[in-house]
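Dumping the structure here so I can ask a few things about it.
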Amino acid sequence: MTPRKTQNERKVNSYRPFSKITSHIDPMVLYTFLSLLAISIVLLAFQASNRETCSEAAIVLASQQHAGKTNSFTAGEVITFRADLKGSSNDGLSWDFGDSTAAAPGLQVYHAFSKAGSYTVTLRRGKCDWRQEVIVLNAPPEKEPDTRGDIYPVIEGPDEVFVGRAVTYSNHLPNATSWSWQLLQPNAETHSGNTVKYTFGSPGERILSLIVNGDSSKMVTKRITVFPAPAQRPSNDHFEPIPFPEEPKPADPSAGAAAVPEKPKTPAISDDEFKFFLTQVVDKQKNASDFSQYLCDNLGARVLLNDKETDTFSHFCSRIRGKKRFKIELVNLIKDQNGCVKEIRVRYDKKFLGIF
């Protein structure tokens, strides 16, 4: 028999939430749903914490021709692009210039557009991007430079002179109002006027400078080579007319052998004078025949070049004629007892050997 319940005994019922729902759902399904919900919440929180702010950024443009902020440039002009980011990382920046060229990374980049047009430059970082329009115009045509103020004066006068002979140098530059002449040497005097005259007392090289209208930025110079004075021939102030030749008298058998007529004297010439005349051959002012009186009409005289190569004088003159780059350093003349030049030793700059 089942014991009887007392009157004081009461039935206790515990309260369970969702008891009506859970009584119809499998507990495993419920636990799976709750797990997925927790994972979704965690992912949303992670994405919210790593969300990138794209609003605080700008693109700054500049160039050497346009120092200020502008978005209008010319074709071929190098433009500086700089990202102005406030409180953000500078990593992962990439520039797209919108002209089919490769993207360029970095906080500051340089680019030049080859053609005129309107281009949209895009700065990207992650999912953020900023855009800036750039207008490129064709470069204006270049004006021809005004060269009227760039005319340099010219010193007119010889490059080679002799000691003791006066020489004049001049300048005829249009619109010139003042001239300043000076030799570039210690204690040299300054001369004015469009012409100046010098008489050099010793051989060597001089440098003459000229400044026109006080503009020292256009100062010009001229190198002058001074040669020793040529030997002076004795002069005879008393003029005597040359007598008419006498008719030859018949030879007297009793007289001795007829005297041999005296040969004409060869004119004297120094080594430096001969060197100067050779430079005139180079300048096409003389030729080999002009030296006949010094060579006693022997144009086949031997020429020794740098003590290595030999040549005849006439052929040597034909080789150096018109060769502006040929530079003679030294000339030595070998003469016979009558003063005729029999051999010429010439030393020239070896770097001009190729002209032969």
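These numbers were taken from a predicted model, which means no experiment stands behind them.
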Evaluate the criterion side chain to side chain contact (heavy atoms under 4.5 Å, CB included) for residue pair Glu343 and Thr310; output intermediate values, then yes/no. CA-CA 10 Å; Glu343 183 176 346; Thr310 60; over 6 Å; no
Quick check on the hydrophobic clustering: are Ile334 and Tyr348 connected, directly or via other members, by side-chain heavy-atom contacts under 4.5 Å?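 No, Ile334 does not connect to Tyr348 through the hydrophobic network.
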From CA spacing to verdict: side chain to side chain contact (heavy atoms under 4.5 Å, CB included), Val220, Val154: CA-CA 7 Å; Val220 293; Val154 176; over 6 Å; no
Side chain to side chain donor-acceptor pair (under 3.5 Å) partners of residues 188-203, not counting sequence neighbours, each pair once: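 Every pair satisfying side chain to side chain donor-acceptor pair (under 3.5 Å) with a residue in residues 188-203: Ser202-Arg206.
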Test side-chain hydrogen bond (donor to acceptor under 3.5 Å, both in side chains) applied to Gln108 and Thr80, step by step: CA-CA 7 Å; Gln108 179 171 298; Thr80 302; 5.3 Å; no
Same apolar cluster (I L V M F W Y, side chains within < 4.5 Å links), Phe227/Val282: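 Yes, because Phe227 and Val282 connect within a single hydrophobic cluster, where side-chain heavy atoms sit under 4.5 Å apart.
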Would you check if Trp130 and Thr122 make a side-chain contact, meaning some heavy-atom pair closer than 4.5 Å?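 No. Closest side-chain heavy atoms not under 4.5 Å.
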Determine whether Val346 and Leu304 fall in the same hydrophobic cluster, where Ile, Leu, Val, Met, Phe, Trp and Tyr are linked whenever their side-chain heavy atoms lie under 4.5 Å apart.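 In one cluster with Val346: Leu304, no.
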Flag side-chain contact, heavy atom, 4.5 Å: Val134 against His111: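 A side-chain contact is absent here, since even the closest heavy-atom pair is not under 4.5 Å.
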I'd like to check Val109 versus Phe97 (side-chain heavy atoms, cut-off strictly below 4.5 Å). Are they in contact?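 They are in contact (side-chain heavy atoms under 4.5 Å apart), so the answer is yes.
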Could you tell me if the side chain of Val167 sits less than 4.5 Å from the side chain of Pro158, heavy atoms only?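 With C-beta onward as the side chain, the pair touches.
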Atom of Ser289, atom of Leu299 and distance for their closest heavy-atom approach: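 That would be CA-CD1, 4.5 Å.
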Minimum heavy-atom separation for Ser72 to Leu137, with atom names?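 Heavy atoms only, the tightest pair is OG-CD1, 3.7 Å.
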Kindly determine whether Tyr294 and Lys335 satisfy side chain to side chain contact (heavy atoms under 4.5 Å, CB included), including the steps that lead there. CA-CA 9 Å; Tyr294 309 112; Lys335 305 177 182 179; over 6 Å; no
Does any part of the side chain of Leu295, heavy atoms only, come nearer than 4.5 Å to the side chain of Ile344, both counted from C-beta?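 The answer is yes, as the side chains (C-beta and beyond) meet within the 4.5 Å cut-off.
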Relative to the ring of Phe316, is the ring of Phe326 parallel (under 30°), tilted (30 to 60°) or perpendicular (over 60°)?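 Geometry flag for Phe316 against Phe326: perpendicular rings.
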Are more than 12 heavy atoms from other residues, nucleotides or ligands located less than 6.0 Å from atom CG of Asp307?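 Count over threshold, so yes.
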Applying side chain to side chain contact (heavy atoms under 4.5 Å, CB included), run through Asp290 and Phe277 and close with a yes or a no. CA-CA 9 Å; Asp290 295 326; Phe277 292 155; over 6 Å; no
When hydrophobic residues are tied together by side-chain contacts of less than 4.5 Å, even through go-betweens, does Ile59 share a cluster with Leu107?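 Yes, it is one cluster - the side chains of Ile59 and Leu107 are joined through contacts under 4.5 Å.
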Distance (rounded to the nearest 0.5 Å) between Thr120 OG1 and Gln132 CD: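 Reported value, rounded in 0.5 Å steps: 9.0 Å.
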For the residue pair Phe274 and Phe291, categorise the inter-ring angle as parallel (less than 30°), tilted (30 to 60°) or perpendicular (more than 60°).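 Taking Phe291 first and then Phe274, their aromatic rings sit tilted (interplane angle of 30° to 60°).
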Does CZ belonging to Arg302 count more than 12 external heavy atoms closer than 6.0 Å?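 Yes, the 6.0 Å shell around CZ holds more than 12 heavy atoms from other groups.
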